[in-house]
Amino acid sequence: MIENLVIVESPAKAKTIEKFLGKDFRVVSSFGHIRDLSKKNLGIDIEKGFVPDYEVPKDKAKVVAELRKAASEAKNIWIASDEDREGEAIAWHLIKVLDLDVQLTKRIVFHEITKDAISEAIKSPRTVDMNLVNSQQARRILDRLVGFEISPVLWKKVQPSLSAGRVQSVAVRLIVEREREVFSFKSESSFRVTAVFLTGKDDGKQAELRAEASKKFPTEEEAVKYLELCREAVFKINTITVKPGTRSPAPPFTTSTLQQEAYRKLGFSVSQTMAVAQRLYEGGKITYMRTDSTNLSKLALAKSHEVIVSEYGDKYSKTRQFKTKSKGAQEAHEAIRPAYPDKQSITGSQQEKMLYELIWKRTIASQMADAQVERTSISIELNNSAVGFNATGEVVVFDGFLRVYSESYDSENGDDERYVIPPVKKGMLLNYDKITATERFTSPPPRYTEASLVKKLEELGIGRPSTYAPTISTIQNRGYVAREDRPGEKRKVRSVLLDDNKITQASKTEVAGKEKSKLFPKDIGMIVNDFLMENFSEIVDYNFTADVEEQFDEIAIGKLKWTGMLEKFYSPFHKTVQNTLEKKDKKTGIRVLGKHPETGETVSVKMGRYGPVVQIGDSTNEDKPKFASLLKNQLIENLTLDEALLLFRLPRSLGIHEDDEMVVGIGKFGPYVRFRNKFYSLKKGTDDPYIVTMERALEIISEKDLNEKQKVINDFGEIRILNGRYGPYITFEKKNFRIPKGTDPAVLTKEDCLKIIGNNSKSKG
DNA sequence: CAGTGAGCGAGCTTCCGCTTGACTT
């Protein structure tokens, strides 16, 4: 018999807490929820008043069995799941599943994982709060109703296996709407005039003063005119203002801000960040990584203060507690911080080190003094124009937290480099060194990255720290959106230069609209989004979650009955579902592009069985309609008639070579030549499938055939030695094995190969 | 891997949030 059994949610937390509690306590973990709505069917008896049908999922059976055993051997049972809606529900499910006594089971919560906080919690146990549990049940059931009633509508009206949900459907909506904004955006250009002035040379030294004209010029002509004025002008410093300013550090990391910064500073994807953070957490190096709180424990505040004072001195320290701003935050945990703030670095993988250092810096910086800056603005007047120049500069007087950390932003143009203004005086006359008018283009709103999408969802109060990464995976797995790159397009940028009394006009090309790892909607995502907007606008409303959250909060304080809340939501919702099923047609996103210029047949584009497809003609005619698939980056939404017609020019025959036909086309992996049932990729950038000739195709074919011949170094039947991208290797039973350095692969015998295979499998297994 | 677009029908898909491994490459 054990005296006390404490159940927490996470095994790593269990380990830590057991150390603090001593011998009389055994601490075990539930690994999150242990019970959920039945997987089959809806799992809710609506007629009886939304009675949930709970079951222990297969993968939790073992955990539950172990918990049962542990519970039966303990005198007192303490449930220390998190202090939020989900945590309270976990506690209640534990009581139900383990057959515990509601009154005798002690419910406690830890606000932080420190010895003091834990001993304090043990002193004041309570019982489970059923209002809070009911608000969780309402949340769970509402999500199930939304997901399991709308998804089947999509299977019928759009495509099988699709899904809709309170969170994912809004995430898709954001991406679809942003793409449409980008698509309809019209870029405008204007000319920005910048100057480099030379200050007077009192002591023989000339300094450069960079400034920008107070006005932009809409046309090149106007810019030239202004530069002509500048050529004759006398420049005088009109005003100088110096204003002190401060900059404050950002709060410590939450899940969302960690994901954003790790993406911007380290290039980690959202799921990568979570995986690395999980390892740091399990290794006891950081606090829990799924949190919406910016709160730091007293211990962390004190430790950080010590570190800052000893490393940087007293005046760099400023203890702060940040208020969590995000909507719907539940604050069951601390912010993400180093477990031991005095450890500036750790051992581990490169990624672990980098992420840890980021967390350390952010935490420490949050406890440091404001930076003091001095912002100088200078205005320069011209004697012959009302349009003058302005120069702004910033000097850091006291670096404060900047010494350790400065936050990154998503903004594309990195104009925020700090510029130091040279010493100047009011009334000083300046000569120009050169003045440049450069064409600037307005840019469309930026497409979402995984990280900026998380930020937006958090702002809307949609999703939770534990679901940001999975949600982003889901909408990609369903094919609604994809993370893609775009090469961008070249455009001409004009400029006018005034130098040495001469005005010259020039232009160069730059690449605009280049994208790296951005979220793009796919056709099926756009079709599903439009379908949901038409039929379930309430669910995809940006405020839907916030509205229901308000009601969950009322349930949690006993002001609203959870079944009543569900009833009020469900009856109109269910009617909409049935109405949509009965009355709405199948949605294919069809667009008629026009008439075929030669045959006059209708050309349309839509979602077909195997993906987006262009169709010429229809089945009412004598001739069967013709079909062609869209290319990878084309969308149903903005395909033109010309682009559609071009798709029918492929695949095309190049003619007969040695009795066999040679065909060129575009497949999943780009343009190809097919000959004797083998596929040969065309060279990117050099070969165009629409104009490539048989002669060139033969070159490509013989090159690849030669490579393939060279690929096999030796063939022993099951075991083969091949030349790969990373050098020679052995392949055996679909597994690949590296050949030790310094070994000539050509002389290896079958026995040698078996030895290498044996060694490698041992070290792995 | 690089196609497909005739039609029928059975059986399957799906949510959000809380937790980690167990899988394969």
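Just so it is clear: chains get the letters A, B, ... in the order the sequence lines come, proteins before strands, and each one is counted from 1.
- Counting to the nearest Å, the C1' atom of dG17(B) and the CZ atom of Arg35(A) are 16 Å from each other.
- Between Arg464(A) and Glu86(A) there is no salt bridge, since no side-chain N of the basic residue sits under 4.0 Å from a carboxylate O of the acidic one.
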Using Watson-Crick or G-U wobble pairs with both distances under 3.5 Å, give me DNA chain B in dot-bracket, 5' to 3', with [ ] for crossers and | for pairs to another strand. .........................
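- For Tyr281(A) and Tyr288(A), the ring centers are positioned less than 6.0 Å apart.
- By the 5.5 Å and 30° criteria, Tyr672(A) is not stacked with the base of dA2(B).
- Contact check, Tyr281(A) against dT19(B): no side-chain N or O comes under 4.0 Å of OP1 or OP2.
- Legend: residues meeting ring-ring contact (aromatic ring centres under 6.0 Å, His included) with Tyr690(A), ordered by chain and number and at least two apart, are absent.
- Under the 3.5 Å distance criterion, the side-chain polar atoms of Gln259(A) are left unmatched by any main-chain donor or acceptor of Thr273(A).
- Within the 4.0 angstrom heavy-atom criterion, no nucleotide atom of any strand lies near Ser81(A).
- Ion pairing of Asp585(A) with Lys157(A) is absent here, as no side-chain N (NZ or NE/NH1/NH2) approaches a carboxylate O to less than 4.0 Å.
- Judged by atom type and distance alone, Ser629(A) does not reach the base of dG3(B) through any side-chain donor-acceptor pair under 3.5 Å.
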Reading nucleotides 11-16 of chain B from 5' to 3' and marking B where a protein heavy atom lies under 4.0 Å of the base, S where only the sugar-phosphate is that close, and - otherwise, the string is --BBBB
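- Computed from coordinates, the Met607(A) CE to dT4(B) P distance equals 18 Å when rounded to whole Å.
- Out of dG17(B), dG5(B), dG21(B), the shortest distance to the side chain of Ser466(A) is found at dG17(B).
- Using a 4.0 Å cut-off between a side-chain N of Lys or Arg and a carboxylate O of Asp or Glu, Arg173(A) and Asp530(A) do not qualify as a salt bridge.
- Distance CZ (Arg652(A)) to P (dA2(B)): 21 Å, rounded to an integer number of Å.
- Here Tyr468(A) lies out of heavy-atom contact (under 4.0 Å) with every strand.
- For the pair His93(A) NE2 and dG17(B) P, the computed distance is 15 Å after rounding to whole Å.
- Between Arg85(A) and Glu549(A), at least one side-chain nitrogen of the basic residue sits less than 4.0 Å from a carboxylate oxygen of the acidic one, meeting the salt-bridge criterion.
- Salt-bridge check for Asp36(A) with Lys60(A): failed, with every basic side-chain N at 4.0 Å or more from each acidic carboxylate O.
- Going from atom CZ of Phe627(A) over to atom C1' of dG5(B) covers 4 Å, rounded to whole Å.
- Salt bridge status for Glu450(A) with Arg483(A): present, with a side-chain N to carboxylate O gap under 4.0 Å.
- In this structure, Leu647(A) atom CG and dT4(B) atom C1' are separated by 15 Å, rounded to whole Å.
- Per the stacking criterion (ring centres < 5.5 Å, plane angle < 30°), Phe31(A) does not stack onto the base of dT19(B).
- The residues Lys455(A) and Glu458(A) are annotated as not salt-bridged, no charged nitrogen and carboxylate oxygen being separated by less than 4.0 angstrom.
- For Gln136(A) and dT19(B), the CD to P distance is 13 Å, given to the nearest whole Å.
- Across the protein-nucleic acid pair, Ile34(A) atom CD1 and dG17(B) atom C1' stand 15 Å apart, rounded to whole Å.
- Contact annotation: Arg85(A) side-chain N/O to dC18(B) OP1/OP2 distance is not under 4.0 Å.
- Residue Tyr680(A) is out of contact with every strand shown, counting any heavy-atom pair closer than 4.0 Å.
- As judged by a 4.0 angstrom heavy-atom cut-off over every strand, Asp59(A) is placed among residues making no nucleic acid contact.
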